[in-house]
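In this text the structure is predicted, and so the values were computed from the model without any measurement.
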Amino acid sequence: MTVFQPAGIIGTLAVLLLISVIGYWCMRKLKRAQTSNVVQDGEIDAPKCMRELKRATNTAATIPQTSNVVQDGEIDAPTMERFLQDLANEKPVRFTDRQLRNFTTDYSSVLGSGGFGVVYKGQFPNGVKIAVKVLKRTLPDIRAEEQFMAEVSTIGRTYHKNLVRLYGFSYDPLMSALVYEYMENGSLDKYLFNDDTQRMDWNKLPEIAIGTAKGMAYLHEECQQRIIHYDIKPDNVLLDANFNPKVADFGLARICKDSTHDSPIAYKGTPGYSAPKFLLNNYPITYKCDVYSFGMLLFEIVGRRRNAKVGSTDSLDWFPKHVWDNYEKADLATMMVSYGIEEKDRERAQRMAMVALWCVQDSPEARPPMSAVVKMLEGGVEILPPPKPFHYLFSVGVNVLNPLTSTDNSSNHSTSYATNSSNYGTNSYWFKEQTTTIMAKYEIQIASS
């Protein structure tokens, strides 16, 4: 017969009671954390003017924090609830006009202005600096709404270190505004084209070019739906406090729904940077129009000057043509000397010039995807000789814009090319991997990442 000892029974009951107390305490902590972190229904109105905006901005009206990383000891909220809250903070927030007036001290500090509207400097209550772009409502309503929707529906869906971050927006019948992260050093153009007192050292420019290319590669090849920017130029490359570049101004951007082509009903972009296909009516536009614009930007980065200048005799001084002429004569190095590029930077400058020549090819299919552009700019691959560009300047016609059908005289490689990074390997239409003497001896090829 089993005998139960009173001491054992009392001990067991004490343990059970302790477990119950701890469980009750934990449940109360969990309930308080959920109450403080979960966003209640009705806290945010979805904009009534656009279904697109409703899909892009289903989030809580909270101010972005300086960091979403949970620090040691921050265990008041359960890990999953904190994760979900951080996830919500990544999306654009809808602000009221009154909030924006508070953030900008009643719009007192102007950063810049243009045809789109005015940009003001501001600050969130937690100290994060912001730039508030107030769009002009004097534009026809459909244009103002299209620009607003373009920015929110494109940059509002993305997050990349080389794309400017959209914190939120404001929209009502009288005013529409976009709230961006503040970029301390402004736009790239003022460092390329101003006088020598503000001109940037050339050795910083290659990293700016690579960062810009990475941001564009993300838009074209890594987003769930491809995004075409349509207005790549120095004015739309912003620089943070450490001169890291971020692509900005998505007012003309479009989501490419069939992943390859878009059919704009009007000219888009800035003359001098826009691809030649815009000269033709009713011709389908591909994301490679952004690659062309990047090539024109790259020429200006190399020369630290505007591509087009009018000379003293009213003749056009066009820098891209000078680059091709010197490349054709195998004299790019001499050209770099004339533009004040130091010897230690000349190899990178020549590499950038060759990449630019590839990017501005007449045929969109001949231009490399931005992931290939990044690879060529970073080095480690041999850039193959580009064919002669700019045929369209002499005879604009559809045939010029079609894919190449034979090998160009200036290039000794095949004209079969791919359109994304998953299709080109160690040898592509634009470059080939470099091999060492030992690798060549044993026929070892570098694996394509």
Practice problem: Write down the atom of Val302, the atom of Met352, and the distance for their closest heavy-atom approach. | Solution: CG2-CB, 3.7 Å
Quiz item: Any sub-3.5 Å donor-acceptor pair from His229's side-chain atoms to Asp249's backbone N or O?
Solution: yes
Quiz item: So which heavy atom on Ala356 is nearest to which on Gly295, and how close?
Solution: CB-O, 3.7 Å
Exercise. Assess the pair Tyr429 and Trp358: is the distance between their ring centroids shorter than 6.0 Å?
Key: yes
Quiz item: Under the ring-ring contact (aromatic ring centres under 6.0 Å, His included) criterion, do Tyr230 and Tyr273 qualify, and how do the steps go?
Solution: CA-CA 9 Å; Tyr230 277 122; Tyr273 299 94; over 10 Å; no
Quiz item: Asp97 and Arg101: salt bridge (Lys or Arg N to Asp or Glu O under 4.0 Å), yes or no, with the steps?
Solution: CA-CA 6 Å; Asp97 177 56; Arg101 288 186 179 278; 3.1 Å; yes
Quiz item: With a distance cut-off below 6.0 Å to the six-membered ring centre and an angular limit of 45° from the axis, does Lys321 pair with Phe390 as a cation-pi contact?
Solution: no
Quiz item: Is the centre of the Tyr120 ring less than 6.0 Å from the centre of the Phe103 ring?
Solution: no
Exercise. For the pair Trp324 and Phe319, evaluate ring-ring contact (aromatic ring centres under 6.0 Å, His included) and give the outcome as yes or no after the intermediate values.
Key: CA-CA 9 Å; Trp324 171 257; Phe319 184 67; over 10 Å; no
Quiz item: Any sub-3.5 Å donor-acceptor pair from Glu181's side-chain atoms to Arg165's backbone N or O?
Solution: yes
Quiz prompt | Flag, side chain of Asn126 to backbone of Val128, donor-acceptor distance under 3.5 Å | solution = yes
Quiz item: Is a side-chain donor-acceptor pair under 3.5 Å present for Asp317 with His322?
Solution: yes
Quiz item: Side-chain contact, heavy-atom cut-off 4.5 Å: Val237 with Lys246?
Solution: no
Quiz item: For the side chain of Trp202 and the backbone of Arg346, is there at least one donor-acceptor N/O pair under 3.5 Å apart?
Solution: no
Quiz item: Within the distance-only criterion (no hydrogens, no angle test), does the side chain of Glu184 pair as donor or acceptor with the backbone N or O of Leu239 below 3.5 angstrom?
Solution: no
Practice problem: Would you sort out whether Lys161 and Asn244 count as a side-chain contact (heavy atoms from CB on, under 4.5 Å), showing the intermediate values? | Solution: CA-CA 9 Å; Lys161 67 178 182 178; Asn244 297 311; over 6 Å; no
Practice problem: Answer yes if the side chains of Ser293 and Asp290 hold a donor-acceptor pair under 3.5 Å, and no otherwise. | Solution: no
Quiz item: At their closest point, which heavy atom of Ile130 faces which heavy atom of Gln123, and how far apart are they?
Solution: CG1-N, 3.6 Å
Quiz item: Do Gln99 side-chain atoms and Thr96 backbone N/O form a donor-acceptor pair below 3.5 Å?
Solution: yes
Self-check item: Non-hydrogen atoms of Ile227 and His220 that approach each other most closely
Solution: O-CD2, 3.3 Å
Quiz prompt | Distance-only donor-acceptor check, side chains Ser187 and Asp189, under 3.5 Å | solution = yes
Exercise. Start with the C-alpha gap between Glu378 and Lys214, add the side-chain angles, then the distance that decides, and say whether salt bridge (Lys or Arg N to Asp or Glu O under 4.0 Å) holds.
Key: CA-CA 11 Å; Glu378 288 182 327; Lys214 286 180 177 179; 3.3 Å; yes
Exercise. Say whether, by atom type as modelled, one donor and one acceptor occur between the side chain of Asp172 and the main chain of Leu174 under 3.5 angstrom.
Key: yes
Quiz prompt | Beyond-backbone contact of Asp345 with Arg348, side-chain heavy atoms, under 4.5 angstrom | solution = no
Exercise. Check for a donor-acceptor pair, side chain of Asn307 on one end and backbone N or O of Met296 on the other, with a separation under 3.5 Å.
Key: yes
Exercise. Look at the side chain of Arg304 and the backbone N and O of Asn194, then say whether any donor-acceptor pair between them is shorter than 3.5 Å.
Key: no
Quiz item: Would a distance-only check, ignoring hydrogens and angles, find a side-chain to backbone donor-acceptor pair under 3.5 Å from Asp240 to Met183?
Solution: no
Quiz prompt | Derivation and outcome, salt bridge (Lys or Arg N to Asp or Glu O under 4.0 Å), residues Glu382 and Arg351 | solution = CA-CA 9 Å; Glu382 178 186 346; Arg351 173 176 289 274; over 6 Å; no
Self-check item: Worked verdict on Arg305 versus Leu192 for side-chain contact (heavy atoms from CB on, under 4.5 Å)
Solution: CA-CA 6 Å; Arg305 51 155 285 179; Leu192 295 179; over 6 Å; no
Quiz item: What are the two closest non-hydrogen atoms of Ala333 and Gln350, and how far apart are they?
Solution: CB-NE2, 3.8 Å
Quiz prompt | Test item: side-chain donor near acceptor, Thr212 and Asn162, under 3.5 Å | solution = no
Quiz item: What pair of heavy atoms forms the shortest contact from Phe95 to Gly168, and how long is it?
Solution: CE1-CA, 3.9 Å
Quiz item: Will you find, in the side chains of Ser363 and Glu365, an N or O donor that is under 3.5 Å from an N or O acceptor?
Solution: yes
